[in-house]
Every structure is written in structure tokens, then in C-alpha cells.
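Below is one structure, written out as C-alpha cells, with a few remarks after it.
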Amino acid sequence: MNFPHPSSSVETVSRRIGAGSRCLLKLTGHVCLTAALLITGCARAPMERAWISMATFASVSASGDDASRIDKAASIVTAEFRRLERLWSNYDARSEVSILNGKSGSEVPVSPETRDLLLKSRSFGEATGGTFDPTVGPLVDLWGIGKKETFAIPSDEQIGEALKRCGWANIRVSGEDDTASLTAEGMAFDSGGIAKGLAVDIAYDKLMKEGYQNVMINLGGNMRCSGSGRKGKAWNIGVRNPFDGGKIVGILAVTDGRAVATSGNYERFVEKDGKRYAHVIDPTTGRPVQGMAGVTVISPTAVEADALSTALFVAGVKKGAELLALFPKSKAIFIEDSEPLVLKMSAGMDDCFTLTDDVAVEVLGP
């Protein structure tokens, strides 16, 4: 998947939800998708190394004693991302995912990492009732949002035919050997909604085994944080205003190995006859999701945050809140595609979220 290179900006943010305290923060460095690294005050930022990986922005940041080992951390994370991209890329004909897609209906050998990717994909597909479905490849190709020079709305017949070739339950992983298959002819596994989150988790575990304590990994807005960013403070991640790309609506304080991911309709979309078509496809209808501008999720792992951000974006606020209850360790912020902007968020989110402006907030029920 292709994303624009992040830009740099500075924002001043303040006001914690329900507390009334004033907290000035300065946004520095790179803005990627809906998230950004924030640093308190004017002190020197944690060390960061950034590069392009999996066709998007990647970085690792380190603070405290770990800052002196930033180059080693970057080398470890870079190597892991490259290794996993060779396994999971939808654009490399030699990758295991591409081979799996090219031989739908047949069993193919897969590595332990690809096996884990497929098993987790099935698990999230089942748990979310199919609002997360990585087999929407035929629908993604049919709509071609962000891929085709000329956009045309597919017919109902075309959508119906593509839907027949989708379905997370058609992912088969052998329990006896390292093989997998897509049981329906013409199926295509799309790794874009889960692979980056899992890649972050795998790289994060590598750094933990190397003894790192204060680090943050970012891959295309999928972030996972350990320890502190500076002087015992949590890592701070900005949530973008989907109606104004130059602003953030608030900041998340993230630590203790927790992760953040966002799905939105403002990075990849097309407009036709005054209507916006987002790149996220609803697996239940075969059409681009309507009514949602963005969903940001904070979870114990990056793979859960990645998959849930897509599932909740598809589900919408009401169904999404019900779905989120099945994942009690995750919380979410929903922004519907309407103005004035209203943040609808999980109960307890104010423990780790700070508003940047006087926007309306609605706390969702337990």
C-alpha cells in the first residue's frame, strides 16, 4: 500500500478531559497517518531513526539509556520489517502471501510467521463477526481506490461476484504441517489490514529480548511503546483531525507495551459526483465504508489495534461499541463523517487521552 511521505509541523495542545488542568505539549518530528510523536516542553527529543518500509513511513525512537543504542535498535527493526515484507507483500510475486493467492484452492507451504498471520486473521474475523476480513482482496481490486487512474463504480453484479470470492472462514491452516490454503477459487488474502500491526509486535519482541526498555516503534501509524519517552513520561501520540490535516484533536499517553492504530477515510479515497469513497471496504456489503471519518484504537498489542481499528471503522459507532466490549483491554475513539466534529470514545479513555481543543465529547456506555 502506498502512503504519502509524512511532513513536519508544530502544534500547541492543552486541556485534559474532565480535569481542567493545563498541559502544554509541543508536536515535533514526523506526522504519519493520524499519529505523531509528541515531546513535552522544549527539552531534547528522544533519539529517532526513520526510513521507508512496506511502502510507508517507519521509525524507531529511544530515550534514556536506550538512546545511545538507537542505531542498533533501528538495525534490528529494519531487518525484521524487510524479512516480513518478503513473506507477506501482496506486490511481490515471490512472497508467501502472493503464492497463496495465486494457488487458491491448493495447499502451499508457509513459514511460522505467515501461519501466525493467517491464524490471527481468522481469529479476528471470527471475533468481529466478519467486520474484519482480510480476504476482501477481490473487492479491493474491483474498486481499485488509489490504484486505478480512472475510477468507476462497479455494478451490483460485479460486487456480488467478488463477494463470492471473499470470506475469512475460507482461510485454512493445517494443524499437522506448515501449509495453508484459500479454499474458494479466486480468493485473495489482503495483508494490509493486519500485517503491519503484527510486524510491529514481532519487532517489538525482538527489542525486548535485546534488553531495550524505553522505545517506540512506528510502521505506517501502527505504534507500540515501552517505558517512557522522556523523564518517566509516557510516549505521546497525536490523533489527527480528519477534517483538517494540519491539526490534531488530542493526544494519547502510551506506555507499558501498549499499541495504537488508526483507520480513516482521509488518506486514501476518491471523490465522484460529490461523494467520497474511502479505501476501506465493508466485507458485508462489498462497498466502501460510509459514515465514518476515523477510528483510533489503543490495545495491548499492535496486531489487535490494527485489526480492531479496521473492524470498528467498518462497524460504525453503535455496533463498534458493542464489538469493542468483546475486547476489554482495548479502547477506541470514533469520529463520524459529519461536522461539527464530535469525539465518541470508550469509558475510561480520559485516563490516557488529552483534548487539544474544545471539541464535543460523548462517552460511550460500558
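- Residues A261 and N222 share a closest heavy-atom pair of CB-OD1, 3.5 Å.
- At a threshold of 4.5 Å between non-hydrogen side-chain atoms, the residues N170 and L182 do not count as touching.
- Here the closest heavy-atom approach between residue S228 and residue T255 is recorded as N-OG1, 4.5 Å.
- With hydrogens and angles disregarded, no donor-acceptor distance shorter than 3.5 Å links the side chain of S330 to the backbone of S299.
- Linking Ile, Leu, Val, Met, Phe, Trp and Tyr whenever their side-chain heavy atoms come within less than 4.5 Å puts F243 and V249 in one cluster.
- Counting heavy atoms from C-beta outward, R172 and R122 have side chains that approach closer than 4.5 Å.
- If you chain together hydrophobic residues whose side chains sit under 4.5 Å apart, V359 and V342 never meet in one group.
- Across S121 and P134, no two heavy atoms sit closer than the pair CB-CG, 3.5 Å.
- L84 has its side chain within reach of M54: a pair of non-hydrogen atoms, C-beta onward, lies under 4.5 Å apart.
- Remark: the W88 side chain and the S95 side chain contain no N/O donor-acceptor pair separated by less than 3.5 Å.
- The backbone N or O of D306 sits less than 3.5 Å from a side-chain atom of S309, completing a donor-acceptor pair.
- Within the 3.5 Å criterion, the main-chain N or O of N214 finds a donor-acceptor partner in the side chain of D66.
- To the nearest 0.5 angstrom, L308 atom CG is 6.5 Å from L323 atom CG.
- Considering all non-hydrogen atoms of both residues, P300 and E304 come closest at CD-OE2, 3.8 Å.
- When the shell of 6.0 Å around CZ of R82 is examined, it contains 12 or fewer heavy atoms from other residues, nucleotides or ligands.
- In this structure a side-chain-to-backbone donor-acceptor pair under 3.5 Å is present from T128 to F132.
- With values rounded to the nearest 0.5 angstrom, L252 atom CG is found 7.0 Å from T296 atom OG1.
- A search for side chain to side chain donor-acceptor pair (under 3.5 Å) contacts involving D71 returns R49, not counting sequence neighbours.
- Note on V97: it clusters hydrophobically with I99, by side-chain heavy-atom contacts below 4.5 Å among ILVMFWY residues.
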Exercise for review: Starting from the C-alpha separation in whole Å, work towards a yes-or-no answer on side-chain hydrogen bond (donor to acceptor under 3.5 Å, both in side chains) for S174 and E107.
Suggested key: CA-CA 9 Å; S174 173; E107 290 192 353; 5.5 Å; no
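- Here the CG atom belonging to L100 is positioned 10.0 Å from the OG1 atom belonging to T179, to the nearest 0.5 angstrom.
- Between the side chain of S346 and the backbone N or O of M349 there is no donor-acceptor pair closer than 3.5 Å.
- The neighbour count for D92 CG, taken as heavy atoms of other residues, nucleotides or ligands under 6.0 Å away, is above 12.
- Here the OG atom belonging to S181 is positioned 9.0 Å from the CE atom belonging to M187, to the nearest 0.5 angstrom.
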Review point. Does the side-chain contact (heavy atoms from CB on, under 4.5 Å) test come out yes or no for W143 and I153, once each step is laid out?
Key: CA-CA 7 Å; W143 284 89; I153 299 174; 3.9 Å; yes
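- A donor-acceptor pair is defined here as one N or O able to donate and one able to accept, closer than 3.5 Å; such a pair exists between the side chain of T356 and the backbone of I248.
- Ion pairing between a basic and an acidic side chain is recognised when a charged N comes within 4.0 Å of a carboxylate O; E210 and K72 show such pairing.
- Side-chain atoms of T135 and C166, non-hydrogen and from C-beta on, do get closer than 4.5 Å to each other.
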Check your understanding: Hey, mind stepping through E322 and K319 against salt bridge (Lys or Arg N to Asp or Glu O under 4.0 Å) and telling me if it holds?
Key -> CA-CA 5 Å; E322 296 172 355; K319 291 182 179 179; over 6 Å; no
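- Counting heavy atoms from C-beta on, the side chains of D350 and M345 never come closer than 4.5 Å.
- Remark: the backbone N or O of T131 is not paired with any side-chain donor or acceptor of T284 at under 3.5 angstrom.
- Between T310 and F124 there is no side-chain heavy-atom pair separated by less than 4.5 Å.
- Checked by atom type and distance alone, the side chain of N101 pairs as donor or acceptor with a backbone atom of F189 at under 3.5 Å.
- To the nearest 0.5 Å, atoms CG (L87) and OG1 (T114) are separated by 4.5 Å.
- Y212 OH to K206 NZ: the interatomic distance, rounded to the nearest 0.5 Å, is 13.0 Å.
- A salt bridge links E80 to R83: one of the charged nitrogens lies within less than 4.0 Å of a carboxylate oxygen.
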Review point. Can you check side-chain contact (heavy atoms from CB on, under 4.5 Å) on S53 and V77, steps first, answer last?
Key: CA-CA 10 Å; S53 184; V77 175; over 6 Å; no
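- In this structure the side chain of K247 never reaches within 4.5 angstrom of the side chain of R240, judged on heavy atoms.
- Side-chain contact check for W51 versus V60: some heavy-atom pair is nearer than 4.5 Å.
- Between the side chain of D133 and the backbone N or O of W168 there is at least one donor-acceptor pair closer than 3.5 Å.
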Practice item. Test side-chain contact (heavy atoms from CB on, under 4.5 Å) on D156 and R287 and set out the steps. Key: CA-CA 10 Å; D156 292 345; R287 301 174 183 277; 2.4 Å; yes
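- When all heavy atoms of S98 and S89 are compared, the closest pair comes out as OG-O, 3.1 Å.
- The shortest heavy-atom contact between F313 and G264 is CE1-CA, 3.8 Å.
- For the pair W235 (side chain) and R224 (backbone), a donor-acceptor distance under 3.5 Å is absent.
- Ion pairing between a basic and an acidic side chain is recognised when a charged N comes within 4.0 Å of a carboxylate O; D205 and K209 show no such pairing.
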Practice item. Please lay out, stage by stage, how L355 and L343 fare under the test side-chain contact (heavy atoms from CB on, under 4.5 Å). Key: CA-CA 10 Å; L355 284 174; L343 296 182; 3.4 Å; yes
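- Heavy-atom neighbours of Q213 CD from other residues, nucleotides or ligands within 6.0 Å: at or below the threshold of 12.
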